[in-house]
Amino acid sequence: MNQLSALKDDDEVMIAYGKGKRMPLALYKVRHSLAHVMAQAVTELFPQAKPTIGPPIESGFYYDFYTPTPFTPQDLERIEARMREIVNKHVDFVRREVSEAEARELFKDNPFKLELIDGLVRGAADEMGEQTSAAGDGAASVLTVYTQDTFTDLCRGPHVNNTREIHPDAFKLVQSSSAYWRGDEKNPVLQRIYGLAFHTPEELQHHLKMQEEARKRDHRKLGAELEIFMFDDEVGPGLPIWLPNGGVLIEQLEALAKKMEEDAGYLRVRTPHVTKEALFVRSGHLPYYAESMFPPMTLDDGERYYIKPMNCPFHHKIYASKPRSYRDLPLRLAEYGTCYRFEQSGELFGLMRVRSMQMNDAHIYCTEEQFEAEFLGVVNLYLKYFEIFGIEKYVMRLSLHADAGLGKKYVDNRPLWLKTEEMVRRAMRQGNVPFYEAEDEAAFYGPKIDVQIYSAIGREFTLATNQVDFAVPARFNLTYVDRDGQEKTPLCIHRAPLGTHERFIGFLIEHFAGAFPPWLAPVQAVLIPIADRHVEYCQRVARQLRAEGMRVLVDDGPERMQNKIRKAQLSKIPYMLVVGDKEVQSEAVSVRLRSGEDLKSQPVGEFAARVKALVARYALALWE
RNA sequence: GCCCACAUAGCUCAGUAGGUAGAGCACACCCUUGGUAAGGGUGAGGUCACCGGUUCGAUCCCGGUUGUGGGCUCCA
């Protein structure tokens with residue numbers, strides 16, 4: 001802590017914040033200091049508001065207040081104006097070490113700060129609620145407070161020395177919302193105010209512009225504009241309906257996945273959407289996962305049926321359908337199974353978080369000796385997909401158990417955890433796949449590799465998991481007869497490299513901004529007749545191209561050609577094929593690319609061959 | 001689930017100090033047959049999300065419901 005405050009302002013020095021993120025120290029100080037300035041402004045304007053915590057984050061900062069009335073947009077304007085006054089007063093930030101008693105006296109009216117002090121004194125957590133690494137397990141002997149102007153806050157710092165280091169026009173309060181104290185919904189509700197903050201007004205403007213761009217790429221907006229999917233009140237929240245264009249995307253993705261899985265030795269199966277309660281009791285989903293499941297249907301005879309939230313128990317049944325020999329392993333069962341999960345209403349988010357989802361699911365049953373190769377095979381499958389889709393930014397996380405959760409969150413078998421975690425770690429190192437480790441993030445039955453990807457607009461989410469299951473096969477009495485004649489329990493690898501159709505297509509929409517590569521585009525080409533007399537020829541060419549496997553439309557509407565080009569352009573159709581007298585005479589089409597490039601007339605056959613070649617190798621380019 | 005905000009034509013949005021609504025785009029029809037991002041005209045479209053309350057009268061005010069958005073939390 002002390003060393004931190006002593007560091008020189010330097011954009012080269014990175015400081016950690018949040019979970020596993022870093023930002024330049026200088027920026028951290030500006031943002032953190034602005035959080036304090038905001039707290040001062042808020043407590044001045046709303047004396048009943050009690051400050052709790054306020055850290056720097058990705059693009060700025062926030063501060064949570066305990067207050068009887070939420071902040072209105074007008075309040076934010078007043079607070080921001082007051083902050084600007086404080087910043088312009090060029091006040092010092094003064095650090096002071098205080099004793100526990102003094103700290104308790106200073107914050108005696110603020111139960112949240114007192115709770116933080118309790119934590120700090122015990123050495124358990126710092127003011128962000130995170131483990132203190134510096135203090136080890138010893139209690140923090142010294143507490144620090146920072147004072148600027150009239151406001152004093154419990155804080156480990158560091159801060160700017162004086163608010164003149166903060167540009168008064170490089171920050172902006174953007175929104176208020178609620179948050180729970182310590183992120184726990186059992187705790188009191190706090191009001192959080194978010195602010196953006198940078199070194200210069202230009203950086204702030206740039207950020208705002210990027211956000212504007214991001215809104216344009218939002219899959220919810222593009223999904224509606226491009227007629228990919230829709231929601232309907234009478235169908236229900238979180239239940240997407242795929243429109244014809246979305247249907248094509250799904251068909252193409254499934255075709256790709258089936259081909260890849262066939263090459264990798266998977267067998268395709270299909271299983272029911274509803275099942276008796278007993279299956280999920282055996283799998284451990286009931287009652288453990290009951291919260292995320294739709295409530296059961298009770299039949300006349302009292303039997304309860306559930307709609308499936310996962311495919312695995314069915315695949316286990318398929319494994320168990322006959323005796324297995326080590327010669328049968330690895331057994332790889334794949335299914336694009338539709339699952340239903342009862343996500344909390346507040347969790348639903350476009351296609352990214354839904355209640356009905358089609359999973360690119362498979363389970364691999366293998367022996368311990370086969371594990372490494374199988375696990376790596378799956379990871380490599382991921383990497384192949386990333387290449388096809390041009391996904392360059394991704395992070396793999398090895399999610400481990402935590403001893404504290406054994407028997408509660410996690411299957412109570414520490415040695416097996418350590419062993420399987422090491423197996424995964426070794427497989428990843430063996431394959432030279434970079435990853436980082438995170439404790440207490442595992443599935444209840446085993447460790448996993450989570451793949452985080454980032455859509456073009458910076459939205460981060462878990463695309464896929466690759467999980468090791470050392471517990472559930474035993475619950476299903478899955479066995480194989482090994483070489484030595486002994487019955488053994490196989491390991492099971494759960495994997496879903498493309499996650500779900502819903503999330504993956506949501507991601508792809510943002511990744512490509514709706515401009516899908518030719519192999520994936522719902523409509524690949526639109527034929528545009530210049531005059532009515534060219535329509536017949538267009539229809540003939542369309543039939544020809546469809547026979548070649550292309551997805552083609554003819555725009556025979558009454559508008560002018562320019563208007564049709566514009567419509568096709570807005571629909572992000574890769575190829576616009578303009579047809580006039582010249583083309584009709586020479587069995588040609590005039591090719592215009594979505595990029596705006598005019599490639600002039602060329603023979604229909606040549607165009608078709610060119611596109612077919614691009615499609616066959618899943619090319620991202622429009623023309624080569 | 002919780003806190004806050006929002007809900008007007010297929011879409012994007014105006015509007016009414018409470019007297020049942022309007023534009024642009026899209027759609028239909030007519031004219032125009034035009035060579036690489038919007039030709040012109042005419043017309044049709046709305047129980048102002050739903051259910052209650054206040055009022056002579058509610059799209060507008062109040063309450064509830066549903067949905068959506070921004071967060072908290074969790075996950076594919």
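Letters A, B, ... are given to chains in the order of the sequence lines, protein chains preceding strands, and every chain is numbered from 1.
Distance from the side chain of A:E441 is smallest to B:C75 among B:A37, B:C75, B:G39. Looking at the side chain of A:E347, the nearest of the listed nucleotides B:U73, B:U33, B:G35 is B:U73. In this structure, the nucleotide among B:G35, B:U33, B:C72 sitting nearest to the side chain of A:D532 is B:U33. Distance from the side chain of A:E343 is smallest to B:A76 among B:A76, B:G70, B:G39. Set against B:C3, B:G1, B:U33, the side chain of A:Q191 has B:C3 as its closest nucleotide.
With 3.5 Å as the limit, one finds a donor-acceptor pair spanning the side chains of A:S399 and A:D450. The closest side-chain donor-acceptor pair between A:E583 and A:S601 falls under 3.5 angstrom. Between the side chains of A:H501 and A:N360, no donor-acceptor pair is found at a separation under 3.5 Å. Looking only at atom types and distance, the side chain of A:Q467 has a donor-acceptor partner in the side chain of A:Y445 under 3.5 Å away.
When rounded to the nearest whole Å, the span between CE of A:M561 and P of B:A38 equals 9 Å. Atom CG of A:L348 is separated from atom P of B:G70 by 12 Å (rounded to the nearest Å). Taking atom CG of residue A:L508 and atom C1' of nucleotide B:A76, one finds them 14 Å apart after rounding to whole Å. If you measure from atom CD of A:E225 to atom P of B:G10, you get 17 Å, rounded to the nearest angstrom. Look at CD1 on A:I193: it is 14 Å from C1' on B:G70, rounded to the nearest Å. Look at CH2 on A:W181: it is 13 Å from P on B:U73, rounded to the nearest Å. Between the CD atom of A:Q344 and the P atom of B:A76 there is a distance of 15 Å, given to the nearest Å. The NZ-P distance, from A:K600 to B:G35, rounds to 13 Å in whole Å.
For B:G45, the base is syn relative to its sugar; the glycosidic angle is within 90° of 0.
In the interface, the side chain of A:R341 is not paired with the base of B:C74 through any donor and acceptor atom under 3.5 Å apart.
At a threshold of 4.0 angstrom between heavy atoms, the contacts of A:T465 are confined to the sugar-phosphate backbone, with no base atom among them. No engagement by A:K221 is indicated, since no non-hydrogen atom pair under 4.0 Å with the nucleic acid exists. As judged by a 4.0 angstrom heavy-atom cut-off over every strand, A:V189 is placed among residues touching the sugar-phosphate backbone only. A:R192 comes within 4.0 angstrom of the backbone, heavy atoms only, and of no base. Residue contacts for A:A496: at a heavy-atom cut-off of 4.0 Å it reaches no nucleic acid atom on any strand shown.
Taking atom P on both B:G45 and B:A23, the two are 13 Å apart, rounded to the nearest angstrom. Using C1' as the reference atom, B:U47 and B:A21 are 13 Å apart when rounded to the nearest Å. Rounded to whole Å, the separation between the C1' atoms of B:U20 and B:U55 comes to 15 Å. For B:A44 and B:G24, the P atoms lie 14 Å apart once the distance is rounded to whole Å. Look at the C1' atom in both B:A49 and B:U68: the space between them is 11 Å, to the nearest Å. Going from the P atom of B:A38 to that of B:U42 covers 22 Å, rounded to whole Å. Taking atom P on both B:G15 and B:U73, the two are 37 Å apart, rounded to the nearest angstrom. Rounded to the nearest Å, the gap between the P atom of B:G46 and that of B:A9 is 11 Å.
A residue-by-residue look at A:F71 and A:D581 shows that A:F71 has its nearest nucleotide of RNA chain B further toward the 5' end. Heavy-atom distances to RNA chain B give each of A:M357 and A:L570 a nearest nucleotide, and the one nearer the 5′ end belongs to A:L570.
Using a 30° and 60° split on the angle between ring planes, A:Y410 and A:H401 fall in the perpendicular class, above 60°. In this structure, A:F65 and A:Y63 have parallel ring planes: the angle between them is below the 30° cut-off, well short of the 60° mark.
The side-chain hydrogen bond (donor to acceptor under 3.5 Å, both in side chains) test with A:E510 is passed by exactly one of A:K221, A:H219, A:R217: A:H219. Each of A:T500, A:L239, A:I307, A:I241 was evaluated against A:S356; a single residue qualifies, A:L239, per the side-chain contact (heavy atoms from CB on, under 4.5 Å) test.
At distances below 3.5 Å, at least one donor-acceptor pair connects side-chain atoms of A:R31 with backbone N or O atoms of A:E58.
Residue A:K567 places no side-chain N or O under 4.0 Å from the OP1 or OP2 atom of B:A26. When the side-chain nitrogen and oxygen atoms of A:R353 are compared with OP1 and OP2 of B:C74, none of them lie within a distance under 4.0 Å. Taking side-chain N and O atoms only, A:R220 has a distance below 4.0 Å to OP1 or OP2 of B:G70. A sub-4.0 Å separation between OP1 or OP2 of B:A76 and a side-chain N or O of A:T462 is absent. An OP1 or OP2 oxygen of B:A38 is reached within less than 4.0 angstrom by no side-chain nitrogen or oxygen of A:Q569. In this model, the phosphate group of B:A37 is not approached by any side-chain N or O of A:N563 to a distance below 4.0 Å at OP1 or OP2. Put simply, A:R592 has a side-chain N or O that comes within less than 4.0 Å of OP1 or OP2 on B:A37. Residue A:Y180 places no side-chain N or O under 4.0 Å from the OP1 or OP2 atom of B:C74.
The shortest side-chain heavy-atom distance between A:I505 and A:W242 falls under the 4.5 Å cut-off. At least one side-chain heavy atom of A:F280 sits less than 4.5 Å from a side-chain heavy atom of A:T275. Side-chain contact between A:L498 and A:Y336 is present, with heavy atoms from C-beta onward closer than 4.5 Å.
Contact check of residues 227-241 of chain A against RNA chain B (heavy atom, cut-off under 4.0 Å) returns A:D233, A:P237.
Annotation: cation-pi pair A:K308/A:Y340 absent, no NZ/CZ under 6.0 Å from the ring centroid and within 45° of its normal.
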## Note on the structure
For RNA chain B, the expected dot-bracket line (Watson-Crick or G-U under 3.5 Å, [ ] crossing, | inter-strand) is (((((((..((((.....[..)))).(((((.......))))).....(((((..]....))))))))))))....

